[in-house]
Amino acid sequence: MYRYDTLDREILADRSAEFRDQVRRRLAGEITEDQFKPLRLMNGLYLQLHAYMLRVAIPYGTLNSRQLRKLAEIGRTYDKGYGHFTTRTNLQFHWIKLEDTPDILDALATVDMHAIQTSGNCIRNVTADPYAGATADEIDDPRVWSEAIRQWSSLHPEFSFLPRKFKIAITAAPKDRTAARVHDIGLMARRGREGELGFEVIVGGGMGRTPIVGPTVQEFLPAHRLFSYLEAVLRVYNRHGRRDNIYKARIKILVQALGVDEFARQVDEEWASIGRDGDLPDAEIARIRAAFAPKTFETLPRESLGFNEAKAQDQAFARFVRNNLKPHKRQGYTIVDISLKGIGETPGDASSEQMEVVADLAERFGQDDIRVTHEQNLVLPHVRLDDAHEVFLGLAKVGLATPNINLVSDIIACPGLDYCALANARAIIVAQDIARRFENQDRAEDIGELKIKISGCINACGHHHVGHIGILGVDKKGEEFYQLTLGGSGAEDAAIGKILGPALPIDKVTDAIDRLVNVYLQERQVNERFLDTLRRTGDAPFKEAVYGDAH
Amino acid sequence: MAMLIKAEGGGFHAEMDDFQSVVDDQPIPDGKLILSLKRFETDGEVLLAQGRAVGVRIEPDEAVEDLTPFLPRLAVVALSLPKFRDGRAFSSAHILRTRLGYTGQVRAVGEVLREQAGMMARCGFDAFEPSDGSSPEAWAKVVNRHRHVYQSAADHHVPAFARRLGG
Ligand code: SF4
């Protein structure tokens, strides 16, 4: 894991001091809320329905146990004893007092954390594969590039006042766990003919009001030219992206307006002018790479007797293994997914106690490495099979052993109307109700992979466009209604879901999901996921099941 | 005349601005002038030929590259910042300083707030018409607040990656 050096620490300390001074001026009445707003929004501080919300950056979703314990402590001291993990792998505290924020930022700084660029029209936290360094199918470690991008984009003098926010995702595995194709820039590592490293560069994907699966603008960008190319994309966007209409300001609109070819041509022209000056020296990449050097893994047998025995004797563990454990690149190790989607709980919430338990387990059994996924779960990427049962028992004690990864109740939901000032409708309660309906774990496993994603408004923080089933809160004459979309995917087979029919009132949503699932169970052929069946049959039978009674 | 904050020798000082900003339909006055790009296109050549000190004001949607042939003779390029959120002038300044090699004054006009002073300085601005009444001392404090930077830009800061390599 990357460790801050003195330079990183001093950059962070200077930024914290600057924000402390801005808060002081606001509290002293030297500046108005209007003047303060853009300043606090450069540091992740939002004014929500009931209180201030502070969004803490978790760069590329990577934490160590000290950091997670500090988040737990902040949750207990300054919030109501919990935090909320978001689809950008950040952590939000929803009940913050303005006057506490400088102290919170100082507390974060003691563990090399901050809230820089978690809001505002700047380059946001990079999303990386949560299995980086642990999965066998990656061709490079995406954290190396993520960390380099973090540094390059932090307090960038030219790109901090972009037309709109800017999100980058990076993956180095064929299985995309980052939703790279619906980011402003998606980077997918590739190997060239000579084995050299490069990236397929996707620009202008996105969700929100205008969901788009991003087009590829570079099939193979040599890795050592990454930063000059990013500079070129950002400069073209900063100069030519629309600023007259907030809904048309993301880069996807510029790419669509110019056409991919013309956009790529403008970027290439700019890139040629920048030249190599814009690139990071190889030595710096090597320095960062050294920080992510493979852990020292033990040489273990393929099978673990203890693990096999526990699986045979403990049914609940066996189920957890089936759903939450993923293959590790080293034999005798496993990746443990921790669901933050306990049945009836708020998706993405974790109590301070739960965070501390995860931190302890990571320290004892997980090489002190914790990841946050964009699906609002946590991961212990390096656990010995021998220790998996003990990890399971530790998680179970605090309600974190829900065996539902990728299943129907592993739902993404944004905070919605419970917290968010922009919301049309609640999202959390909808997620909870669906999860309860599918509480029977045998049934959930029988249904298999099914990704439900819920947003409380068209801003799509809950990624509903890329849900196999998407649910969007809309406002109909002051009532909460929900529009269903089918067939989206945020993975390597990215697709935007299609609207199924008229929006439904809140008390009809869970029934509708139940019916959709039943159609799938009737129609499916061997080994088909929900999404596969839907793609084969089209949405007609699904539509009929939900809206059939209406005519 | 308005107050201007100028960067010089690593510090900032205030001075009275001896350039006049000319409105488009106003007759050309005596003295040093800052014209809009449009006005410059009609009257610029003549004024420069007379040896007058001339500056041009560039709006965010105008391309600084259009000034390329005139840059060696321009005393000032004023980049307009209509509001806090509009970051186009930052790119314009960067291009002026790096790609176009402009060495005259790059001035921030419009909504010029001290909160952005550090980033403006890094992009190559060296003169500011503060709209928030900031003093040069306040300006210097903001600009010097950050000891290190992560990226190379149009200023002389050595970025972190180069310092780590012993640069
Ligand atoms: S999708 Fe809408 S309601 Fe949900 S968090 Fe985003 S802005 Fe708020």
Side-chain angles (χ1 to χ4, degrees), chain A residues 5-15 17-18 21-22 25 31 35-39 41-42 120-122 148 150-164 227 231 234-241 243-244 246 249 270 273-275 277-278 280-281 283-285 287-288, chain B residues 58 60-65 81-95 97-100 111 113-125 131-133 138 141-155 157-167:
Chain A
D5 67 4
T6 317
L7 291 175
D8 293 305
R9 289 222 171 84
E10 290 180 354
I11 288 171
L12 184 49
D14 292 347
R15 176 66 186 122
E18 178 175 56
D21 186 47
Q22 290 166 347
R25 282 160 59 208
I31 49 176
Q35 292 168 320
F36 180 57
K37 186 176 170 190
L39 306 183
L41 283 182
M42 293 181 75
N121 295 333
C122 52
R150 178 193 75 76
Q151 297 192 22
W152 169 77
S153 62
S154 289
L155 307 176
H156 198 290
E158 187 183 342
F159 304 137
S160 289
F161 305 95
L162 298 168
R164 203 73 182 90
F227 286 89
E231 181 177 334
L234 266 296
R235 186 165 298 129
V236 168
Y237 173 53
N238 192 40
R239 297 187 85 187
H240 303 300
R243 291 175 186 263
D244 58 329
I246 179 174
E270 178 61 36
S273 300
I274 295 168
D277 284 354
L280 267 189
E284 174 66 357
I285 297 293
R287 183 188 74 91
I288 296 174
Chain B
I58 296 289
D61 59 352
E62 294 169 342
V64 281
E65 289 91 334
L81 293 123
K83 52 181 186 227
F84 187 87
R85 295 161 54 97
D86 192 331
R88 285 176 285 187
F90 292 77
S91 283
S92 300
H94 179 92
I95 290 166
R97 289 298 191 209
T98 57
R99 193 161 310 158
L100 305 179
E111 190 168 274
L113 304 170
R114 93 171 100 148
E115 308 303 344
Q116 292 177 322
M119 289 177 172
M120 287 193 281
R122 293 217 62 212
C123 288
F125 287 95
S131 60
D132 57 1
K141 202 174 143 195
V142 173
V143 172
N144 297 325
R145 172 155 250 152
H146 297 274
R147 284 169 282 177
H148 318 290
V149 300
Y150 276 128
Q151 331 66 9
S152 36
D155 61 352
H157 271 103
V158 179
F161 63 79
R163 296 180 66 141
R164 285 169 179 142
L165 298 175

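Atom set for the values below is all heavy atoms of this structure, side chains included, hydrogens, waters and symmetry mates excluded. As the structure is a prediction and not an experimental result, all values here were calculated from the model. Below, chains carry the letters A, B, ... as their sequence lines are ordered, and counting in each starts from 1.
- Using a 4.5 Å heavy-atom threshold, the side chains of B:Arg88 and A:Arg243 count as touching.
- Proximity to chain A involves both the backbone and the side chain of B:Ala63, based on heavy atoms less than 4.5 angstrom apart.
- For A:Arg15, the parts lying near chain B are the backbone and the side chain together; criterion is any non-hydrogen pair under 4.5 Å.
- For A:Ala148, no part lies near chain B; criterion is any non-hydrogen pair under 4.5 Å.
- The closest side-chain heavy-atom distance from B:Phe161 to A:Ile288 is not below 4.5 Å.
- Looking at every heavy atom in both residues, A:Ser160 comes nearest to B:Met119 through OG-CE, 3.4 Å.
- When the candidates A:Thr6, A:Asp21, A:Ile274 are compared by the number of heavy-atom contacts under 4.5 Å with chain B, A:Asp21 comes out ahead.
- For the residue pair A:Gln22 / B:Glu115, a side-chain donor-acceptor distance below 3.5 Å is found, with atom types taken as modelled.
- A:Glu231 contributes atom CD, which lies 7.5 Å from atom OG of B:Ser152 (distance to the nearest 0.5 angstrom).
- Atom CD in B:Gln116 sits 4.0 Å away from atom CZ in A:Phe161 (nearest 0.5 Å).
- For chain A, the nearby part of B:His94 is the side chain; its heavy atoms alone come within less than 4.5 Å.
- Residue contact with chain B, scored on non-hydrogen atoms closer than 4.5 Å, involves the backbone and the side chain of A:Ser154 alike.
- Contacts of B:Ala153 with chain A are made by side-chain atoms alone, with heavy-atom separations under 4.5 Å and no backbone atom involved.
- No salt bridge links B:Arg145 with A:Glu18; every basic N to acidic carboxylate O contact stays at or beyond 4.0 Å.
- Scanning both residues, A:Ala283 and B:Leu165, for their nearest heavy atoms gives CB-CD2, 3.4 Å.
- Taking NE2 of A:His156 as the reference point, atom CZ of B:Arg122 lies at 8.0 Å (rounded to 0.5 Å).
- Classification of A:Asp277 and B:Arg99 as a salt-bridged pair fails, no side-chain N sitting under 4.0 Å from a carboxylate O.
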Could you go through B:Leu113 and A:Gln35, starting from their C-alpha distance and side-chain angles, then the distance that decides it, and tell me whether this counts as side chain to side chain contact (heavy atoms under 4.5 Å, CB included)?
CA-CA 10 Å; B:Leu113 304 170; A:Gln35 292 168 320; over 6 Å; no
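- Ranked by heavy-atom pairs shorter than 4.5 Å toward chain B, the options A:Leu162, A:Asn121, A:Asp8 are led by A:Asp8.
- Heavy atoms only, all atoms of each residue included: A:Arg239 and B:Ile95 are closest at NH1-CD1, 3.3 Å.
- Residue A:Phe227: no heavy atom, backbone or side chain, is found under 4.5 Å from chain B.
- In the displayed structure, B:Arg85 atom CZ is contacted under 6.0 Å by at most 12 heavy atoms of other residues, nucleotides or ligands.
- Here the shortest heavy-atom pairing between B:Tyr150 and A:Gln151 reads CB-O, 3.0 Å.
- If you measure heavy-atom distances from A:Arg164 to chain B, you find no contacts under 4.5 Å at all.
- Distance CZ/B:Arg164 to CG/A:Asp5: 4.0 Å, rounded to 0.5 Å.
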For salt bridge (Lys or Arg N to Asp or Glu O under 4.0 Å), just list the numbers for B:Arg163 and A:Glu10, CA-CA rounded to whole Å, side-chain angles, deciding distance to a tenth of an Å, and then say yes or no.
CA-CA 14 Å; B:Arg163 296 180 66 141; A:Glu10 290 180 354; over 6 Å; no
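- Looking at B:Asp86, the atoms closer than 4.5 Å to chain A (heavy atoms on both sides) sit in the backbone and in the side chain alike.
- Although no hydrogens or angles enter the test, the distance criterion places no donor-acceptor pair under 3.5 Å between the side chain of A:Glu158 and the main chain of B:Phe90.
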